Amino acid sequence: MRERPAGRLDLRHFERRDEPLRELHPDELLVENVLLSVAPAARAVMDTDTYRPRLVVGETIPSTVIGRVLRTPSGGPAVGSLVAAFGAWEEYSILGSAQVRRLTIPAPLEHYLSVLGQNGLTAYFGLTRIGQVAPGETVVVSGAAGGVGHLAGQIARLLGARVVAITGSAEKNTVLTTQLGYDAAVNRRSATFVQDLSETVPEGIDVYFDNVAGPVTEAILPLMNRHGRIVCSGATSAYDGGAREAPGPAGLALAVITRSLRFEGFLVADFRDEWSAATTVLRDWSSSGRLVPKESVTTGLDSAPAALIDLLDGRNVGQAGVRLRPDPPHAFE
Ligand SMILES: NC(=O)c1ccc[n+]([C@@H]2O[C@H](COP(=O)([O-])OP(=O)(O)OC[C@H]3O[C@@H](n4cnc5c(N)ncnc54)[C@H](OP(=O)(O)O)[C@@H]3O)[C@@H](O)[C@H]2O)c1
């Protein structure tokens with residue numbers, strides 16, 4: 001981060017810097033990164049304390065990294081093995097050995113950013129634990145074409161729900177309803193958004209999986225059924241451009257009280273002990289074709305800032321990521 005953004009994110013807020021690798025501590029490993037994630041949280045941490053303290057100028061943008069171990073401490077993952085970890089937008093990462101997750105199930109590496117990574121787990125735990133979706137219920141997902149959202153809708157359908165998407169474009173909505181099993185979709189940028197939304201949920205909303213917060217969530221509140229659940233996954237509308245000061249959604253307290261709603265946030269890390277079991281379920285669904293991950297991957301470290309700006313502007317479909325180099329040979333042997 002070259003400069004702290006005060007408003008909308010811009011390429012001038014970033015710079016690429018080359019630095020020599022420092023010496024490794026005895027419990028650290030060196031990883032050659034193959035893929036990096038691009039996620040809205042990268043924008044939020046540039047000027048706000050979130051799940052971690054906000055960045056200081058000169059720090060590297062945090063992200064998930066998927067890579068190959070080059071050096072390892074005794075007892076650590078073997079040299080050449082594949083790992084995922086919380087690292088940063090960098091070609092090589094130095095990681096604590098307790099920090100890395102070994103990747104052993106053969107799958108396209110991109111899937112470890114999406115369906116077999118943090119976003120698949122976020123969708124899964126948000127719907128099953130926080131939303132407690134039951135068959136026959138109506139589930140609405142905002143940010144529905146994004147990394148979390150395109151998986152959340154499909155998982156909600158696998159749980160037996162009727163599923164409605166909210167995105168920012170008609171093109172994305174066509175992909176969701178024709179390729180990814182969403183029952184209906186509405187465009188938040190349309191002049192008739194509130195009316196369109198109301199018409200797509202004639203039986204009301206039982207579970208709202210919220211990735212964006214703000215005015216979209218405000219439009220949801222009057223449509224929630226009694227004892228409905230609002231799953232607070234993310235607040236992308238507040239990440240870019242200083243919207244954090246805006247109050248809202250308006251009417252929240254009265255809606256929650258009078259409809260006996262549950263409005264509950266969570267972090268995917270809250271369920272860390274269950275990641276392995278959940279990944280098995282997600283792997284079974286994806287390998288059998290019932291859960292279809294989509295990824296928008298650009299090439300080269302220098303493409304990351306523009307990919308983040310594009311994502312915040314709503315231009316990605318599925319998980320956004322950056323590929324730094326080809327898959328290592330014999331990746332899963
Ligand atoms: N709780 C957790 O542990 C956890 C873990 C991972 C991610 N998350 C959160 O999940 C959310 C989704 O992450 P993702 O990686 O899947 O991102 P994403 O949905 O792929 O990208 C963000 C999308 O948000 C929408 N958006 C942007 N500005 C908006 C605005 N002002 N109002 C409404 N929508 C807006 C855009 O889509 P449209 O234009 O199509 O609406 C944009 O493409 C983020 O808020 C992230 O922080 C939470």
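Indexing begins at 1, ligand by ligand and atom by atom, following the structure's order. In this text the structure is predicted, and so the values were computed from the model without any measurement.
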Tyr239 and Thr48 side chains, donor-acceptor separation under 3.5 Å
no
Asp27 and Ser97: side chain donor to acceptor below 3.5 Å
no
For ligand 1, the residues whose heavy atoms come within less than 4.0 Å (ordered by chain, then number)
Pro40, Asn119, Thr122, Gly143, Gly146, Gly147, Val148, Thr167, Gly168, Lys172, Arg188, Arg189, Asn211, Val212, Ser233, Gly234, Ala235, Thr236, Ser237, Tyr239, Phe266, Leu267, Val268, Leu311, Leu312, Gly314, Asn316
N-O pairing of Arg16 and Glu91 below 4.0 Å:
yes
Residues at least two apart in sequence or cross-chain that pass salt bridge (Lys or Arg N to Asp or Glu O under 4.0 Å) with Arg102, listed by chain then number, are none
Under the rule for salt bridge (Lys or Arg N to Asp or Glu O under 4.0 Å), what residues qualify as partners of Asp310, not counting sequence neighbours?
Arg315
Pairs in or reaching into residues 258-298: which pass ring pair (Phe, Tyr, Trp, His ring centres under 6.0 Å), with residues at least two apart or in two chains?
Phe125-Phe271
